[in-house]
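Worksheet: the structure to be examined is printed underneath.
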There are 2 protein chains.
Amino acid sequence: MLKTYSIKEVAQKFDLSISTIRYYDKRGLLPFVAKNKSGYRVFTETDLNLIKTVVCLKNTGMAIKNIQKYIQLVMQGPDSIEQRKQLLELHKQQVIQKQKLLSENLQEINFKINKYNSKNAKEVIKTELAYVLAEKKELKL
Amino acid sequence: MLKTYSIKEVAQKFDLSISTIRYYDKRGLLPFVAKNKSGYRVFTETDLNLIKTVVCLKNTGMAIKNIQKYIQLVMQGPDSIEQRKQLLELHKQQVIQKQKLLSENLQEINFKINKYNSKNAKEVIKTELAYVLAEKKELKL
DNA sequence: ATAAACCCTAAACTATGGTTTAGTGCAAAC
DNA sequence: GTTTGCACTAAACCATAGTTTAGGGTTTAT
């Protein structure tokens, strides 16, 4: 028999809260999830694959309404492949941009940490502080 | 004479809106910014350095209340160096985690794109769809 | 057959990070 | 000297992404 999953199991698998899953469903991110006769959501193995994609897009910062668009394309079947590809390509570029920004800023953080780690950190910072105060004084601020 | 900057100039320099700068000031991120006799904010060259740090922390996902804590430590002078270092180290680890997650998810997006790019994409997706439907049918969903 | 553990919806609520508006003052160009 | 542009505050408003609550069924173990 094919294994199915309850909402609780899915929540644990993806480290989401149950309410988040219900919220995603309400927002149209999980239109493929069926319900049993009592109205309970029943998740199949392949449902989990698509949820993985949803979570992947969410983790890379895609807005819910755009994830919803992508899922809508998936539900339309094979004819939407070109559009899906475009959507993912665009998102990919945004993720790459995000990576770049993150790396640059991480470098700056490292620079600061190194400064704080240097032997004469206290002296340097005292000097800087004195300069800032002198600057404000000169400008009568 | 030392150059100073208006809020508009600073906004342009950092690609923030004027309201965002005022909002950051209100949230305690810019306690070092002086005001002239008319109540206008006057930004000095060294103010810009600290704002750069604020923006850097913001861009790497630090919450405003934590940026505020860091700035507060900076304002306390050289004795807070150890605490600042700890705060930045912790944040650094979080940024590295974020980078890792982003890379992993980008790989998945690339995987999807490659699938859509493959010559037999349409066939593959039709087959998958058929499987999903069969699965739901078997489970009477 | 009943308690405990699950599931459901709808709707209100929350947190975060801003943006917009209203009313007012200052500065500089014409 | 007045119009135009820029500045200020306070407070209301907004978008996004959930979380919580209230009220009510279902399933499972005892």
Side-chain angles (χ1 to χ4, degrees), chain A residues 1 3-31 33-44 47 51 54-71 91 94 98 101 105 139-141, chain B residues 3-44 47 51 54-71 91 94 98 101 105 139-141:
Chain A
M1 198 48 178
K3 164 102 174 105
T4 60
Y5 301 83
S6 70
I7 194 168
K8 194 187 185 188
E9 288 173 305
V10 174
Q12 283 164 352
K13 244 181 214 304
F14 290 100
D15 197 24
L16 300 172
S17 77
I18 289 178
S19 347
T20 300
I21 294 179
R22 291 206 266 247
Y23 171 70
Y24 285 175
D25 196 4
K26 187 156 60 171
R27 294 296 308 273
L29 270 47
L30 316 175
V33 174
K35 291 187 180 175
N36 68 16
K37 62 187 178 334
S38 318
Y40 288 21
R41 289 173 187 83
V42 177
F43 299 82
T44 65
D47 287 345
I51 293 177
V54 165
V55 169
C56 169
L57 296 176
K58 187 207 78 169
N59 283 341
T60 49
M62 188 183 280
I64 281 188
K65 58 170 177 268
N66 290 326
I67 302 177
Q68 194 267 333
K69 267 180 210 162
Y70 175 74
I71 291 295
H91 183 57
Q94 291 166 351
K98 198 170 287 204
L101 186 67
N105 285 299
L139 291 161
K140 285 157 184 141
L141 294 174
Chain B
K3 164 103 176 107
T4 61
Y5 301 83
S6 70
I7 195 169
K8 194 186 185 187
E9 288 172 307
V10 174
Q12 283 164 352
K13 243 179 215 302
F14 290 100
D15 197 26
L16 298 172
S17 77
I18 290 176
S19 348
T20 299
I21 295 178
R22 290 205 266 247
Y23 171 70
Y24 286 175
D25 196 3
K26 189 156 60 171
R27 294 295 308 272
L29 269 47
L30 316 174
F32 46 86
V33 175
K35 291 186 180 175
N36 68 17
K37 62 188 177 336
S38 319
Y40 288 21
R41 288 173 188 85
V42 178
F43 298 81
T44 65
D47 287 345
I51 293 177
V54 165
V55 169
C56 168
L57 296 176
K58 188 206 77 167
N59 283 340
T60 49
M62 188 183 280
I64 283 188
K65 59 170 177 268
N66 290 326
I67 301 178
Q68 194 267 334
K69 266 181 211 161
Y70 175 74
I71 292 296
H91 183 56
Q94 290 166 352
K98 197 171 288 205
L101 185 66
N105 284 300
L139 292 161
K140 286 159 183 137
L141 293 174

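First the proteins, then the strands, lettered A, B, ... as listed; each starts at 1. Model, not experiment: these values are computed from the prediction. Reckoned from all heavy atoms, side chains included, excluding hydrogens, waters and symmetry mates.
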Problem set entry | Contact boundaries on DNA chain C for chain B, cut-off under 4.0 Å to non-hydrogen atoms | C:dT16 to C:dA27
Exercise. Do A:E9 side-chain atoms and A:S6 backbone N/O form a donor-acceptor pair below 3.5 Å?
Worked result: yes
Problem set entry | B:T60 side chain vs B:C56 backbone, donor-acceptor pair below 3.5 Å | yes
Distance-minimising heavy-atom pair for [X] and [Y]:
X     : Y     : value
A:V33 : A:V42 : CG1-O, 3.9 Å
B:I51 : B:F14 : CG2-CE1, 3.7 Å
A:S17 : A:A11 : C-CB, 4.2 Å

Min side-chain heavy-atom separation [X]-[Y] under 4.5 Å:
X     : Y     : result
A:R22 : A:R41 : yes
B:T44 : B:F32 : no
A:L57 : A:Y70 : yes
B:K13 : B:Y5  : yes

Problem set entry | Any residue meeting salt bridge (charged side-chain N to carboxylate O under 4.0 Å, His left out) with A:K26, in chain and number order, not counting sequence neighbours | none
For this session: Output the residues of residues 21-37 of chain B in contact with DNA chain D, where contact means a heavy atom of the residue under 4.0 Å from an atom of the strand; sort by number or write none.
Result: B:R22, B:K35
Seminar exercise, completed: Between A:F43 and B:I18, whichever has its closest DNA chain C nucleotide further toward 5' is A:F43
For this session: Could you tell me the separation between the NZ atom of B:K8 and the CD1 atom of B:I18, rounded to the nearest 0.5 Å?
Result: 7.0 Å
For this session: Using the heavy-atom set of chain A and a strict 4.0 Å cut-off, write down the first and last nucleotide of DNA chain D that makes it in, 5' to 3'.
Result: D:dT16 to D:dT27
Problem set entry | Set of residues satisfying side-chain hydrogen bond (donor to acceptor under 3.5 Å, both in side chains) with respect to B:N105, sequence neighbours excluded | none
Exercise. Is B:T20 touching bases, backbone alone, or none of the nucleic acid, heavy atoms closer than 4.0 Å?
Worked result: sugar-phosphate
For this session: Name the nucleic acid region contacted by A:S38, choosing base, sugar-phosphate or nothing; use a 4.0 angstrom heavy-atom cut-off, strictly under.
Result: sugar-phosphate
For this session: Could you check which residues of residues 58-70 of chain B get a heavy atom under 4.0 Å from DNA chain C? Sort them by number, please.
Result: B:K58, B:A63, B:I64, B:K65
For this session: Go through A:I7 and A:Q12 one step at a time and tell me if the side-chain contact (heavy atoms from CB on, under 4.5 Å) criterion holds.
Result: CA-CA 9 Å; A:I7 194 168; A:Q12 283 164 352; over 6 Å; no
